[in-house]
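Chain letters run A, B, ... following the sequence lines, proteins first, then strands; residues in each count from 1. Heavy-atom basis, side chains included; hydrogens, waters and symmetry copies ignored.
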There are 2 protein chains.
Amino acid sequence: MPAAGKDTVPAKRLPTLEDVAARAGVSRATASRVVNADPRVGNLARTAVQEAIEQLGYRPNRNARSLVRPEADSIAVVVPEAEQTVFSDPFFAALLAAITQSLADSPVQVLLAMGQPGNSQKIERYLRGGYTDGAIVVSHHKDDHIWQVLHATKLPAVYVGRPYAGDVGIPYVDVDNRAGGTLAAEHLISTGRRRIGTITGPLDMAASEDRMLGWQQALQQAGLAADLMEHGDFTASSGALAMQRLLNRVPELDGLFVASDLMAVSAIHELQAAGRRVPEEVAVVGFDNTQAAQLTRPPLTTVVNPVGALASTAVEMLLKLLGGSQVEERVILGTELIQRASA
Amino acid sequence: MPAAGKDTVPAKRLPTLEDVAARAGVSRATASRVVNADPRVGNLARTAVQEAIEQLGYRPNRNARSLVRPEADSIAVVVPEAEQTVFSDPFFAALLAAITQSLADSPVQVLLAMGQPGNSQKIERYLRGGYTDGAIVVSHHKDDHIWQVLHATKLPAVYVGRPYAGDVGIPYVDVDNRAGGTLAAEHLISTGRRRIGTITGPLDMAASEDRMLGWQQALQQAGLAADLMEHGDFTASSGALAMQRLLNRVPELDGLFVASDLMAVSAIHELQAAGRRVPEEVAVVGFDNTQAAQLTRPPLTTVVNPVGALASTAVEMLLKLLGGSQVEERVILGTELIQRASA
DNA sequence: CTGTTAGCGCGTTCAT
DNA sequence: ATGAACGCGCTAACAG
């Protein structure tokens with residue numbers, strides 16, 4: 001095999017608008033008009049150009065186009081640094097799949113901008129610079145400041161998950177975490193549980209806070225104590241530890257709402273290790289309805305987190321924004337409880 | 001609020017090379033040379049330009065640059081249509097995280113090209129067109145034809161996972177699936193099991209085939225029957241069904257290698273539902289070492305699939321390719337068995 | 001309706 | 001060592 005390096009064979013040059021025009025016997029301007037569906041062009045010329053495009057397999061050069069136009073035909077999916085660890089698996093993959101799916105028919109490309117420890121400038125530089133028409137930001141953390149860049153740039157953007165910072169003037173779509181927490185607690189109450197605890201996510205995330213508040217509200221409304229609370233960070237091990245602490249404090253616990261399925265599975269193992277039967281002695285409700293909920297024993301009763309709908313709604317909103325339409329400041333998706341065997 | 005639409009405020013124009021040159025009191029050509037580290041420029045002019053760049057916060061315009069240069073400073077992560085469903089969660093997220101991580105210090109952007117049912121042209125168009133410097137393809141399926149495009153384009157590319165089509169002239173990195181299968185079978189044999197079955201993945205994937213072959217080889221070498229085999233498709237439900245079939249055929253089964261953790265968890269549930277104790281009566285070994293392996297009961301003995309290493313190796317190889325260096329046609333990463341309680 | 005012209009921001013000869 | 005001039009592919013005035 002010959003030495004490596006730049007190819008010497010000048011990869012056959014792609015057809016340009018000039019080529020199309022020449023072949024169709026018109027000027028570049030006319031060809032451009034056809035490509036951009038400008039009505040001011042004769043039928044004869046139009047079909048000639050269209051044929052030429054077909055025969056040459058012409059595609060407009062995106063770079064040249066966005067050099068002279070404001071559009072870039074690309075959107076960025078931004079995952080701030082702080083989320084890296086949290087969005088381990090299921091949520092993120094589903095999100096990306098749904099996003100690309102929603103964009104399948106458009107020429108828009110998806111650019112992935114994941115934050116790195118100590119490197120948010122790379123993302124910011126990209127967001128400025130005008131290489132992208134809009135952004136979908138996946139963020140729930142307190143210390144995310146991407147929104148400031150978006151704000152300064154006036155770049156159309158949509159958050160998936162309520163920004164913790166509050167109303168930052170950027171629309172978002174989220175699941176009704178608070179209602180979900182209430183749903184879980186009410187289910188536990190309705191099955192006769194009276195000493196109901198919760199394992200929350202980290203409280204610097206809006207979702208954690210909301211789920212906890214929903215749980216709290218339901219208990220208070222039922223006249224039950226709402227102080228049986230321990231905090232995790234959405235990882236499995238943190239769920240186990242929180243469970244140990246809670247069980248230590250409240251041996252008579254008979255109901256439990258865990259803010260994520262992953263932590264819930266760990267918590268159930270911990271309960272079983274401590275000799276508690278689930279659901280007979282302690283009923284457990286999770287949150288997310290990930291695959292883990294179905295695969296664990298007993299199968300987990302849990303609150304649905306509709307990731308697919310979140311993603312497609314975000315795309316829909318962003319596309320509206322790009323089209324110049326208004327969108328609601330916030331879209332909150334409903335949720336429901338799926339009853340399995342754990343509660 | 002006023003009617004929506006294009007902003008009227010002409011978003012402050014970004015500084016151009018022309019601006020830099022003017023401020024430094026030189027010509028655009030000299031400024032360009034400084035930016036591109038061309039040695040042929042005087043020290044005086046150099047520092048002047050550097051200062052101007054600093055003060056103006058100048059960044060080269062990628063579009064303009066790649067209009068006139070072959071590079072695009074972007075790589076594409078390609079997920080062919082067929083993989084969409086299979087690479088549900090853990091693998092994919094880890095892959096993307098590792099890829100962006102490896103690219104953190106370079107100006108290279110990551111473009112996500114996921115296949116859609118009945119739409120591979122969008123990806124192909126992008127790959128041609130020269131908008132990207134290289135590609136990382138995540139594929140194991142038989143009916144992936146992206147490699148033909150890559151081949152025709154001479155676009156530098158690396159596969160993650162051995163292309164099923166065989167040696168297509170594109171380097172790849174993969175885990176040693178065959179050795180993994182052998183490892184699993186040998187472990188079962190060493191613990192005294194004699195009726196050892198397997199649940200495979202879909203056989204139109206290289207990984208499935210290799211894991212099966214490794215299992216087969218170990219059994220034959222030990223003089224054991226290697227025909228206790230059922231096929232799944234890597235989903236949980238397919239694992240359960242395969243387990244039922246196998247148990248029906250071979251009630252005296254005492255050892256089992258399942259080609260993925262997800263299917264293994266389902267298989268274990270199925271075994272338990274049939275009254276078999278794991279591992280006492282049937283020992284089970286999985287593959288992947290995903291989170292599910294640790295969270296199920298009994299915890300799963302499994303073969304490690306080093307996703308992070310796969311991803312970073314792929315990036316490393318691609319960067320070498322982009323730099324004009326040669327890389328090995330294939331890199332096979334070693335694996336190991338993690339013993340937990342299921343076998 | 002159509003062609004001519006200018007310019008987007010940049011890299012690169014070719015002179016000097 | 002530096003600058004003037006050209007062209008990358010395309011869109012958008014401005015004429016006709």
Between D:dA4 (C1') and B:Glu18 (CD): distance, integer Å: 12 Å
Taking CZ from B:Arg69 and C1' from D:dC6, how many angstroms apart are they, rounded to a whole number? 17 Å
Give a yes or no on whether the backbone of B:Arg28 and the side-chain of B:Ser32 come within a donor-acceptor separation of less than 3.5 Å. no
Are B:Ser32 and C:dG11 close enough that a side-chain N or O sits under 4.0 Å from OP1 or OP2? yes
Using modelled atom types and a 3.5 Å cut-off, is there a donor and acceptor pairing between side-chain atoms of A:Thr153 and backbone atoms of A:Val149? yes
Side chain B:Arg40 and base D:dT2 donor-acceptor under 3.5 Å: no
Starting the side chain at C-beta, find the nucleotide from C:dG11, C:dT12, C:dG7 nearest to B:Asn36. C:dG11
Selection from D:dT11, D:dG3, C:dT2 that lies nearest to any side-chain heavy atom of B:Thr30: D:dG3
Nearest-angstrom distance from the residue atom CD of B:Glu71 to C1' of D:dC8: 14 Å
Would you tell me if any nitrogen or oxygen in the side chain of A:Arg65 comes within less than 4.0 Å of OP1 or OP2 on D:dT11? yes
Nearest-0.5 Å distance, OG of residue A:Ser74 to CD of residue A:Gln109: 8.0 Å
Which residue lies toward the 5' end of DNA chain C, B:Arg28 or A:Asn43, if each is placed at its nearest nucleotide? A:Asn43
Take the protein atom CG of B:Asp38 and the nucleotide atom P of C:dT13, then report the distance between them rounded to whole Å. 11 Å
Winner on side-chain proximity to A:Ser27, out of C:dT2, C:dG3, D:dA5, is C:dG3
Does any N or O in the side chain of A:Asp19 come within less than 3.5 Å of the main-chain N or O of A:Thr16, such that one atom is a donor and the other an acceptor? yes
Would you mind reading off the distance between B:Tyr131 atom OH and D:dC8 atom P, rounded to a whole angstrom? 16 Å
What is the distance, rounded to the nearest whole Å, between atom CG of A:Leu67 and atom P of C:dC10? 9 Å
B:Leu44 vs B:Ala64, nearer the 5' end of DNA chain D by closest nucleotide: B:Leu44
Using a cut-off of 4.0 Å on non-hydrogen atoms, how would the nucleic acid contact of A:Val26 be classed: base, sugar-phosphate, or nothing? sugar-phosphate
Any side-chain to backbone donor/acceptor pair from A:Asp133 onto A:Ala72? Under 3.5 Å, distance only. yes
For the pair B:Tyr131 (side chain) and A:Arg62 (backbone), establish whether a donor and an acceptor sit closer than 3.5 Å, ignoring hydrogens and angles. yes
Report yes if a donor N or O on one partner sits less than 3.5 Å from an acceptor N or O on the other, where the partners are the side chain of B:Arg33 and the base of D:dG3; otherwise report no. yes
For the side chain of A:Ala29, counting heavy atoms from C-beta on, which of C:dG11, C:dT4, C:dC8 is nearest? C:dT4
Any side-chain N or O of B:Tyr58 below 4.0 angstrom from OP1/OP2 of C:dC10? yes
Touch check for B:Val68, heavy atoms < 4.0 angstrom, all strands: base, sugar-phosphate only, or nothing? base
For atom CZ of B:Arg46 and atom P of D:dA1, their distance in whole Å: 10 Å
Whole Å only: how far is the CG atom of A:Leu56 from the C1' atom of D:dG9? 15 Å
Kindly point out which of D:dC6, D:dT11, C:dG3 is positioned nearest to the side chain of A:Leu17? D:dT11
